[in-house]
Peer 1: 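Submitted below is the structure of interest, expressed as structure tokens.
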Amino acid sequence: METIENYLPILKDNVLLYGVNFAKALAIFIIGRFIVRLIAKAVGKGMERSGTDPMLAKFVTNIAYALMLTFVVIASISQLGVQTASLVAILGAAGLAVGLALQGSLANFAAGVMTIIFRPYNVGDVVEVSGQTGQVEEVDIFTTTLRLPDKTKIIIPNGQALDGAITNYTEAGDRRMNLAVGISYDANIQQAREVILKAISKSDYVLESPAPSVGVTELADNSVNLTVRPWAKASDHPAATLELLEIIKVALDEAEIGIPYPQRDVHIYNH
């Protein structure tokens with residue numbers, strides 16, 4: 001009668017064999033991943049030294065890392081005795097199923113490739129995409145990262161970023177501001193224009209060329225609305241807007257030019 005002692009030698013041999021194979025597979029994965037990271041980092045640094053755009057360097061580095069890590073994983077699994085041909089077939093079928101399930105992610109990947117090729121914006125540009133305005137911090141395989149003026153980090157899927165209009169404020173270098181200012185109907189428009197132009201010329205943000213301008217854009221119910229159009233560097237636009245509005249308000253107050261607020265005349269009749 002067979003007992004468990006009869007199977008112990010076979011069990012020990014199998015445990016030893018699979019234990020050694022598992023240790024080899026684990027070693028291949030750990031060492032391979034370490035080498036892949038070094039190679040990917042070297043590729044990225046090499047591209048940066050050659051003057052390659054940071055956005056393209058980051059994108060290529062991520063792709064290279066993913067591909068090399070895939071080969072490491074396959075080599076590691078094959079050490080366990082799994083046939084690589086069967087594994088590749090299984091991965092192909094699984095990739096098809098995953099691709100159908102993750103169509104949105106594949107669209108984001110394709111949009112990332114298109115961003116690299118057509119360059120609607122680069123890292124460091126101030127842009128408006130998907131209703132958000134900020135500086136491009138990173139373009140990854142699937143997403144674009146913006147840093148807003150208040151330092152908020154916004155991550156936008158590449159497909160969504162390319163789906164709508166893209167406004168690149170950095171490409172032209174300078175950006176015009178449109179500041180709305182209302183003055184009283186009793187005020188002298190020419191005087192108000194001179195006061196505003198003199199006041200904003202003292203700001204370090206305002207560029208001399210193109211020259212700023214002030215014009216009437218609306219005769220509203222309670223005020224004559226002026227639009228002040230100074231120019232500043234795209235990166236200075238948020239700070240310049242805040243500073244100039246305050247400068248204009250102080251200058252108009254000192255010149256005793258009223259900035260009206262909505263008023264209503266109420267008439268009471270006694271019958």
Side-chain angles (χ1 to χ4, degrees), residues 51 53-55 115 118-137 139 144-154 156 161-162 164-263:
D53 183 81
M55 183 169 66
T115 301
F118 295 106
R119 300 294 184 85
Y121 47 78
N122 295 306
V123 172
D125 287 356
V126 177
V127 300
E128 181 180 350
V129 294
S130 299
Q132 301 289 343
T133 301
Q135 187 175 46
V136 179
E137 192 170 81
V139 178
T144 293
T145 302
L146 297 184
R147 184 69 65 176
L148 303 190
D150 62 357
K151 301 301 181 182
T152 301
K153 183 178 181 180
I154 299 293
I156 303 173
L162 289 184
I166 299 173
T167 303
N168 191 325
Y169 296 109
T170 299
E171 187 172 346
D174 304 329
R175 183 177 175 185
R176 190 185 73 184
M177 290 168 281
N178 296 305
L179 307 178
V181 178
I183 61 174
S184 170
Y185 270 93
D186 297 331
N188 185 301
I189 296 176
Q190 183 59 33
Q191 180 190 6
R193 179 184 289 110
E194 293 173 356
V195 168
I196 292 173
L197 289 175
K198 182 179 179 181
I200 65 176
S201 66
K202 299 177 182 178
S203 172
D204 294 333
Y205 291 119
V206 176
L207 302 176
E208 295 182 0
S209 179
S213 64
V214 179
V216 177
T217 51
E218 185 182 10
L219 299 176
D221 294 339
N222 303 289
S223 63
V224 177
N225 292 337
L226 308 178
T227 297
V228 185
R229 292 174 174 169
W231 291 78
K233 294 181 180 179
S235 58
D236 294 336
H237 184 272
T241 300
L242 296 178
E243 180 180 286
L244 294 180
L245 286 174
E246 181 177 345
I247 289 175
I248 292 171
K249 174 63 169 63
V250 172
L252 292 177
D253 288 344
E254 291 177 351
E256 296 183 351
I257 298 175
I259 299 178
Y261 49 86
Q263 302 180 44

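Throughout, residue positions are numbered sequentially from 1 according to the sequence presented. Any value given below was found using the heavy atoms of this structure, including those in side chains, with hydrogens, waters and symmetry copies removed.
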Peer 1: Any side-chain heavy-atom pair from Met177 and Arg229 closer than 4.5 angstrom?
Peer 2: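 Heavy-atom side-chain distance check fails, nothing below 4.5 Å.
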
Peer 1: Minimum heavy-atom separation for Leu148 and Gly134, please, with both atom names.
Peer 2: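 So the minimum-distance heavy-atom pair works out to CD2-CA, 4.1 Å.
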
Peer 1: Can you measure from CG (Asp150) to OG1 (Thr152) and round to the nearest 0.5 angstrom?
Peer 2: 3.0 Å

Peer 1: Taking Val214's backbone N and O only, do any of them form a donor-acceptor pair with Arg193's side chain (distance below 3.5 Å, no angle check)?
Peer 2: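 Present.
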
Peer 1: Rounded to the nearest 0.5 Å, how far does CZ of Phe118 lie from CD1 of Ile166?
Peer 2: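 Interatomic distance, Ile166 CD1 to Phe118 CZ, rounded to 0.5 Å: 12.0 Å.
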
Peer 1: How many angstroms lie between OH in Tyr121 and OG1 in Thr115, if you round to the nearest 0.5 Å?
Peer 2: 4.5 Å

Peer 1: Nearest 0.5 Å, please: how far is CD1 in Ile200 from CD in Glu243?
Peer 2: 11.0 Å

Peer 1: Within the structure provided, determine whether Tyr185 and Leu219 are in side-chain contact (heavy-atom separation under 4.5 Å).
Peer 2: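 Result yes, sub-4.5 Å side-chain heavy-atom pair found.
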
Peer 1: Per the side-chain contact (heavy atoms from CB on, under 4.5 Å) rule, which among Ile156, Val136, Thr144 passes with Val129?
Peer 2: Ile156

Peer 1: Tell me whether Asn178 contacts the main-chain N or O of Thr227 through its side chain, where contact means a donor paired with an acceptor under 3.5 Å.
Peer 2: no

Peer 1: Side chain to side chain donor-acceptor pair (under 3.5 Å) between Thr133 and Tyr169: does it pass, once the steps are laid out?
Peer 2: CA-CA 10 Å; Thr133 301; Tyr169 296 109; 4.8 Å; no

Peer 1: Is the count of non-hydrogen atoms from other residues, nucleotides or ligands lying under 6.0 Å from Glu256 atom CD greater than 12?
Peer 2: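 No, the 6.0 Å shell around CD holds no more than 12 heavy atoms from other groups.
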
Peer 1: If you compare all heavy atoms of His237 against all heavy atoms of Arg176, which two are closest, and at what distance to 0.1 Å?
Peer 2: NE2-O, 4.2 Å

Peer 1: Could you grab the distance from atom CD of Glu254 to atom CG of Leu252, nearest 0.5 Å is fine?
Peer 2: 9.5 Å

Peer 1: Between the main-chain N or O of Gly124 and the side-chain N or O of Gln135, is there a donor-acceptor pair closer than 3.5 Å?
Peer 2: yes

Peer 1: Flag the pair Gln191 / Ile257 as yes when at least one side-chain heavy-atom distance between them is below 4.5 Å, and no otherwise.
Peer 2: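 SC-SC contact between Gln191 and Ile257 confirmed.
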
Peer 1: Checking side-chain contact (heavy atoms from CB on, under 4.5 Å) for the pair Val228/Leu244: CA distance, chi angles, key distance, verdict?
Peer 2: CA-CA 10 Å; Val228 185; Leu244 294 180; over 6 Å; no

Peer 1: Search all heavy atoms of Ala251 against all heavy atoms of Ala199 and return the closest pair with its distance.
Peer 2: CB-CB, 3.6 Å

Peer 1: Is the backbone N or O of Gln132 less than 3.5 Å from a side-chain atom of Ser130, with the two atoms forming a donor-acceptor pair by type?
Peer 2: no

Peer 1: Give a yes or no on whether the backbone of Asn122 and the side-chain of Asp125 come within a donor-acceptor separation of less than 3.5 Å.
Peer 2: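 At least one qualifying donor-acceptor pair exists.
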
Peer 1: Would you say Ser201 and Val206 make side-chain contact, with heavy atoms under 4.5 Å?
Peer 2: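 Heavy-atom side-chain distance check fails, nothing below 4.5 Å.
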
Peer 1: If you round to the nearest 0.5 Å, how far is CG of Leu226 from CD1 of Ile248?
Peer 2: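 Here the rounded value is 9.5 Å.
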
Peer 1: Would you name the heavy atoms of Val224 and Ser184 that are closest together and state the gap between them?
Peer 2: CG2-O, 4.4 Å

